Engineer: 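I have a structure here, written as structure tokens, and I will follow up with some questions on it.
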Amino acid sequence: MTDYLGQDIPKLGFGLMRLPKRPRREDEPKPAGSASGAPDVVTDVDQVKQMVDEFLAAGFTYFDTARAYGDSEEVIRQALVERYPRESYQLATKNAAWLGAKNAEDAKAMLETSLRNTGAGYVDFYLLHNLGGSRTQVFEDYGMWEWVARQKDAGLVKHVGISFHDRAPQLKEVLDKHGDQIEFVQLQINYSDWDDAYVQSGANYRLCREYGKPVIVMEPVKGGLLAQPPAAVKQVFDETGSDASYSSWALRFAGGLEGLITVLSGMSSIEQMRDNLATFKDFKPLTADEREVIGKAQATFGNMGLIQCTSCRYCTKGCPKKINIPAIFNVVNTYRMFDNLDQARRSYDLESAGKLASSCIECGQCERACPQGLPIIDELRAAAALFE
């Protein structure tokens with residue numbers, strides 16, 4: 001349990017990004033924003049209520065939502081806020097100023113919308129969400145740093161932090177500029193991404209330690225992928241003779257780090273929650289022998305024919321088609337690791353942002369610029385064949 005600014009926060013947090021679903025009844029409206037061809041499902045509020053009840057009964061109190069997570073703010077109002085005293089839990093939500101806001105007024109109105117959706121009265125942990133790349137500048141352009149300080153003074157926000165999806169040099173720039181306002185940092189941390197050149201989990205974590213910023217862990221099971229890792233990685237864990245779930249290995253890796261506020265797990269069922277509660281109820285950090293097992297798993301991931309891109313981005317600077325080559329290669333690597341084509345295609349659609357691998361005109365400037373000497377054109381051609 002972490003005593004953070006006077007709040008006792010158990011080490012497991014309930015991430016509300018992947019709430020359980022059920023088939024939609026005929027008398028129920030379709031969820032707002034449902035994509036064409038998407039499964040006709042709605043959030044299973046009754047199951048969420050049961051999950052909330054078991055989570056709190058086990059002594060855990062931190063809930064993480066966002067307007068970007070579908071209807072999770074409204075659902076947590078029904079499942080938590082309307083059913084439990086406000087002082088019995090901590091609620092986090094986020095401001096994605098770069099997502100859907102046409103101007104500064106739109107971006108700042110997102111807090112009012114979140115407070116209305118959740119009915120919580122105030123937010124314990126408010127995050128400027130998903131800084132990195134061009135998204136970071138949006139918060140500057142809209143004056144969000146000064147604005148969020150005023151919301152804290154007004155009592156609508158208790159603690160201000162950021163969630164971050166980029167590399168360590170970019171995080172350092174943000175901490176150097178706004179470190180006096182940033183009380184905590186939410187980072188993607190798991191053993192698969194720890195030394196990854198694109199995600200830089202380890203480097204970002206070490207930077208936060210250097211700057212004295214407590215960390216909230218997100219994606220400790222890499223969106224559920226480490227719950228069912230590739231067969232070769234499963235074998236590494238199976239050979240130990242342990243009956244622990246693959247998820248628990250990942251959660252204990254993340255949860256054993258120092259300087260954490262909590263470890264978020266996006267739980268989609270009662271069964272997942274119970275497995276996670278079992279891991280954290282009597283939490284035991286990895287032993288030296290278990291850390292060696294994690295090292296073998298990391299090495300196994302490293303031997304899967306991954307593209308050895310370091311995300312230096314030299315290749316993108318003169319690309320006439322403005323293809324985000326490192327981002328596409330990251331999707332390819334994820335596919336090669338986890339063999340989940342549907343999820344990879346969804347990630348590709350997001351990461352390519354319309355600048356598809358197939359738009360490459362094979363001019364060769366990227367290969368000339370690449371310090372690693374990678375066959376970029378061939379890899380883009382392969383990515384197009386896989387995902388388009």
Side-chain angles (χ1 to χ4, degrees), residues 1-13 15 17 62 64 66 90 92-96 123-133 135-137 139-140 144-145 148-149 152 157-223 226 250-266 280 283 285-286 291 294 298 310-311 330:
M1 183 172 290
T2 304
D3 182 359
Y4 180 69
L5 298 183
Q7 297 191 58
D8 290 334
I9 302 175
K11 192 163 279 188
L12 176 65
M17 187 178 188
Y62 190 100
D64 174 85
Q90 297 89 24
T93 195
K94 308 175 181 73
N95 187 302
V123 178
D124 296 279
F125 291 79
Y126 196 60
L127 294 86
L128 301 186
H129 184 39
N130 198 4
L131 274 73
R135 299 181 299 274
T136 300
Q137 187 60 39
F139 294 96
E140 303 285 350
M144 299 302 289
W145 294 99
V148 78
K152 183 178 178 182
V157 170
K158 300 300 183 184
H159 303 297
V160 175
I162 63 172
S163 63
F164 190 80
H165 288 274
D166 209 334
R167 287 160 289 283
Q170 287 70 39
L171 177 58
K172 186 177 187 304
E173 288 180 9
V174 176
L175 292 174
D176 283 340
K177 190 168 186 178
H178 297 290
D180 57 336
Q181 292 175 266
I182 297 170
E183 297 178 78
F184 64 95
V185 179
Q186 188 161 305
L187 292 174
Q188 178 171 326
I189 293 179
N190 57 70
Y191 69 80
S192 174
D193 289 329
W194 188 251
D195 293 316
D196 182 84
Y198 190 82
V199 181
Q200 295 192 1
S201 285
N204 282 328
Y205 166 75
R206 290 187 291 270
L207 192 63
C208 287
R209 295 292 290 159
E210 177 185 339
Y211 278 70
K213 301 300 179 185
V215 170
I216 292 174
V217 173
M218 58 180 162
E219 304 290 1
V221 195
K222 200 174 173 70
L226 298 182
L251 290 168
R252 289 176 64 211
F253 171 84
L257 297 170
E258 296 181 352
L260 302 186
I261 295 175
T262 196
V263 177
L264 301 175
S265 181
F280 280 95
F283 184 80
L286 296 170
R291 286 195 295 272
I294 290 289
Q298 290 169 322
T310 63
S311 297
N330 186 56

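If you're wondering where the values come from, they're calculated on a predicted model, not measured in any experiment. Scope of the values below: all heavy atoms of this structure, side chains included, with no hydrogens, waters or symmetry mates.
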Engineer: Quick one, Phe280 with Val263, criterion side-chain contact (heavy atoms from CB on, under 4.5 Å). Give me CA distance, side-chain angles, the key distance, then yes/no.
Structural biologist: CA-CA 10 Å; Phe280 280 95; Val263 177; 4.1 Å; yes
Engineer: Restricting to non-hydrogen atoms, name the atom on Ser265 and the atom on Leu12 that form the minimum distance, rounded to 0.1 Å.
Structural biologist: CB-CD1, 4.0 Å
Engineer: For the atom pair CG (Asn204) and CZ (Arg206), what is the distance rounded to the nearest 0.5 Å?
Structural biologist: 9.0 Å
Engineer: Mind listing the closest non-hydrogen atom pair of Gln200 and Ala168 along with its distance?
Structural biologist: OE1-N, 2.8 Å
Engineer: Can you measure from CG (Leu187) to CD1 (Ile162) and round to the nearest 0.5 angstrom?
Structural biologist: 7.5 Å
Engineer: Write down the atom of Val217, the atom of Ala254, and the distance for their closest heavy-atom approach.
Structural biologist: CG1-CB, 4.0 Å
Engineer: Counting N and O atoms only, with roles assigned by atom type, does the side chain of Ser201 sit under 3.5 Å from a partner on the main chain of Gln188, one being a donor and the other an acceptor?
Structural biologist: yes
Engineer: Run the salt bridge (charged side-chain N to carboxylate O under 4.0 Å, His left out) test against Glu173 and tell me which residues pass, sequence neighbours left out.
Structural biologist: none
Engineer: Going by side chain to side chain contact (heavy atoms under 4.5 Å, CB included), Tyr211 matches just one of Leu171, Val185, Asp176. Which one?
Structural biologist: Asp176
Engineer: Please report the C-alpha distance between Leu257 and Val215 in whole Å, then the side-chain angles of each, then the deciding distance to 0.1 Å, and finally whether the side-chain contact (heavy atoms from CB on, under 4.5 Å) criterion is met.
Structural biologist: CA-CA 9 Å; Leu257 297 170; Val215 170; over 6 Å; no
Engineer: Classify the ring geometry between Trp194 and Tyr205 as parallel (under 30°), tilted (30 to 60°) or perpendicular (over 60°).
Structural biologist: tilted
Engineer: Could you walk me through whether Asn330 and Asp196 pass the side-chain contact (heavy atoms from CB on, under 4.5 Å) test, one step at a time?
Structural biologist: CA-CA 10 Å; Asn330 186 56; Asp196 182 84; 4.2 Å; yes
Engineer: Examine distances only and state if a side-chain atom of Lys222 and a backbone atom of Ser192 form a donor-acceptor pair shorter than 3.5 Å.
Structural biologist: no
Engineer: Is a side-chain donor or acceptor of Glu183 paired with a backbone partner of Val160 at a separation under 3.5 angstrom?
Structural biologist: yes
Engineer: Which pair of non-hydrogen atoms, one from Arg252 and one from Pro285, has the smallest distance, and what is that distance?
Structural biologist: NH2-O, 3.1 Å
Engineer: Main chain of Leu131, side chain of Thr136: is a donor-acceptor contact present, judged purely on distance under 3.5 Å?
Structural biologist: no
Engineer: Using the side chain to side chain contact (heavy atoms under 4.5 Å, CB included) rule, pick out the option among Arg135, Gln170, Gln186, Met218 that qualifies with Phe164.
Structural biologist: Gln170
Engineer: Would you say the side chain of Asp64 lies within less than 4.5 Å of the side chain of Lys94, judging by non-hydrogen atoms?
Structural biologist: yes
Engineer: Please examine the side chains of Phe125 and Thr262, heavy atoms only from C-beta on, and report whether any two atoms are closer than 4.5 Å.
Structural biologist: no
Engineer: Which heavy atom in Gln181 sits nearest to a heavy atom in Ala149, and how many Å separate them?
Structural biologist: NE2-CB, 4.0 Å
Engineer: Donor-acceptor check, side chain of Lys213 to backbone of Gly179, threshold 3.5 angstrom: yes or no?
Structural biologist: yes
Engineer: Could you state the interatomic distance from CG (Asn130) to CG (Asp166), rounded to the nearest 0.5 Å?
Structural biologist: 9.0 Å
Engineer: Write down the atom of Ser163, the atom of His129, and the distance for their closest heavy-atom approach.
Structural biologist: OG-ND1, 2.7 Å
Engineer: Between atom CZ of Phe253 and atom CZ of Arg291, what is the distance when rounded to the nearest 0.5 Å?
Structural biologist: 10.5 Å
Engineer: Judged by atom type as modelled, is there a donor-acceptor pair below 3.5 Å linking the side chain of Lys11 to the main-chain atoms of Phe283?
Structural biologist: no
Engineer: Indicate yes or no for a side-chain donor-acceptor contact from Glu219 to the backbone of Asn190 under 3.5 Å, with no hydrogens or angles considered.
Structural biologist: no
Engineer: Drop me the distance from Ile9's CD1 to Gln90's CD, to the nearest 0.5 angstrom.
Structural biologist: 4.5 Å
Engineer: Can Tyr62 and Asp124 be said to form a side-chain contact (heavy atoms from CB on, under 4.5 Å), step by step?
Structural biologist: CA-CA 9 Å; Tyr62 190 100; Asp124 296 279; over 6 Å; no
